[in-house]
There are 2 protein chains.
Amino acid sequence: MNELEIFKALSNQTRLQILQWLREPEKHFPPQGHSFTEVGGCVGQIQQKCGLTQSTVSEYLALLQRVGLITATRMGQWTYYKRNDEAFEALGKFVQSTL
Amino acid sequence: MNELEIFKALSNQTRLQILQWLREPEKHFPPQGHSFTEVGGCVGQIQQKCGLTQSTVSEYLALLQRVGLITATRMGQWTYYKRNDEAFEALGKFVQSTL
DNA sequence: AAGATATATCGGTTTTTCCCGATATACCAA
DNA sequence: TTGGTATATCGGGAAAAACCGATATATCTT
């Protein structure tokens, strides 16, 4: 867990927003073929809610994945991104007891 | 608590380091006239350990204070900065249960 | 008041981040 | 294979952050 890189990833309003959507994907995205709790939400749906371009959102998601905050699952032509609960748990502990 | 601004403040290796020093100032700074647990550490001592210029460190500390992570106490010609425990507690909870 | 010390603020250069359009890649369907 | 859709990557202009030196302010000492 690279805390500095994680905090950089969290230093953007849109990315914070995305993470909060992915916390409860069933409340924020329209019904889809795959289980929200299994795979999360896909790039296209996230992009629509952001209002930013596809390339920007794709890069944001790749960044969040690179630092370990979310995980990716490719299913056919879709990539689903899901919140990584353990990472947030660990980061919360780090903030409280190390930082 | 503005989480975005807090994460921006945490997106810098030196500032992370400073916060970890201020977590246990008695272990990281030489003996001083005032109680570490009361007031924390002063700018000059922090600057020496950083290796950055006085102006940069002063700005970093002002930034950390602005977002609420540390508090300042002016005593004579010295300003002491101290970790704000409640802020880290709240941020850790936010990371785990909201983000 | 004058000089010394500690900290804060200001102006500017360099580096990094934001966000885009264009294009590439991957997968699917006919 | 050809075309359509979803996502990823690349190159770059604009905005923000990093960090500095110079200077201002505040406080102490004499």
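Note that the coordinates shown come from a computational prediction; the quantities given were computed from them, not determined experimentally. Naming convention: chains lettered A, B, ... in sequence-line order (proteins, then strands); numbering from 1 in each chain.
Remark: Asn12(A) is in phosphate contact with dC18(C), judged by side-chain N or O atoms under 4.0 Å from OP1 or OP2.
Thr79(A) comes within 4.0 angstrom of sugar-phosphate atoms only, judged by non-hydrogen atoms across all strands, and of no base. Among the heavy atoms of the strands, none lies under 4.0 Å from Tyr80(B). As judged by a 4.0 angstrom heavy-atom cut-off over every strand, Tyr81(A) is placed among residues touching the sugar-phosphate backbone only.
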(request) Verify side chain to side chain contact (heavy atoms under 4.5 Å, CB included) between Ile18(B) and Ile70(B), making sure each step is shown before the conclusion. (result) CA-CA 10 Å; Ile18(B) 290 172; Ile70(B) 61 179; 6.0 Å; no

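Exactly one residue among Asn84(B), Leu63(B), Ile6(B) makes a side-chain contact (heavy atoms from CB on, under 4.5 Å) with Leu69(B). That residue is Ile6(B).
With the nearest nucleotide of DNA chain C identified for both Gly51(A) and Arg74(A), Gly51(A) has the one nearer the 5' end. The residue among Trp78(B) and Ala62(B) whose nearest nucleotide of DNA chain C is located toward the 5' end is Trp78(B).
The interatomic distance linking Gln13(B) (CD) with dT16(C) (C1') rounds to 16 Å, in whole Å. For the pair Leu4(A) CG and dT16(C) P, the computed distance is 12 Å after rounding to whole Å. If you measure from atom CD of Gln77(B) to atom P of dA4(C), you get 14 Å, rounded to the nearest angstrom. Gln45(B) has its CD atom 15 Å from the P atom of dT5(C), to the nearest Å. As rounded to whole Å, 10 Å separates atom P of dC19(C) from atom CD1 of Ile18(A).
Of the possible polar contacts, none joining the Thr73(A) side chain to the Val39(A) backbone as a donor-acceptor pair under 3.5 Å is found. Without hydrogens or angle criteria, Ser97(B) side chain to Lys93(B) main chain gives a donor-acceptor distance under 3.5 Å.
Taking CZ of Phe7(B) as the start and NZ of Lys8(A) as the end, the distance is 15.5 Å to the nearest 0.5 Å.
Scanning both residues, His34(B) and Met75(B), for their nearest heavy atoms gives CE1-CE, 3.2 Å.
Using modelled atom types, one finds no donor on one side chain facing an acceptor on the other under 3.5 Å when comparing Ser58(A) with Ser55(A).
Of all nucleotides in DNA chain D having an atom under 4.0 Å from a heavy atom of chain B, the first and last in 5' to 3' order are dA17(D) to dC28(D).
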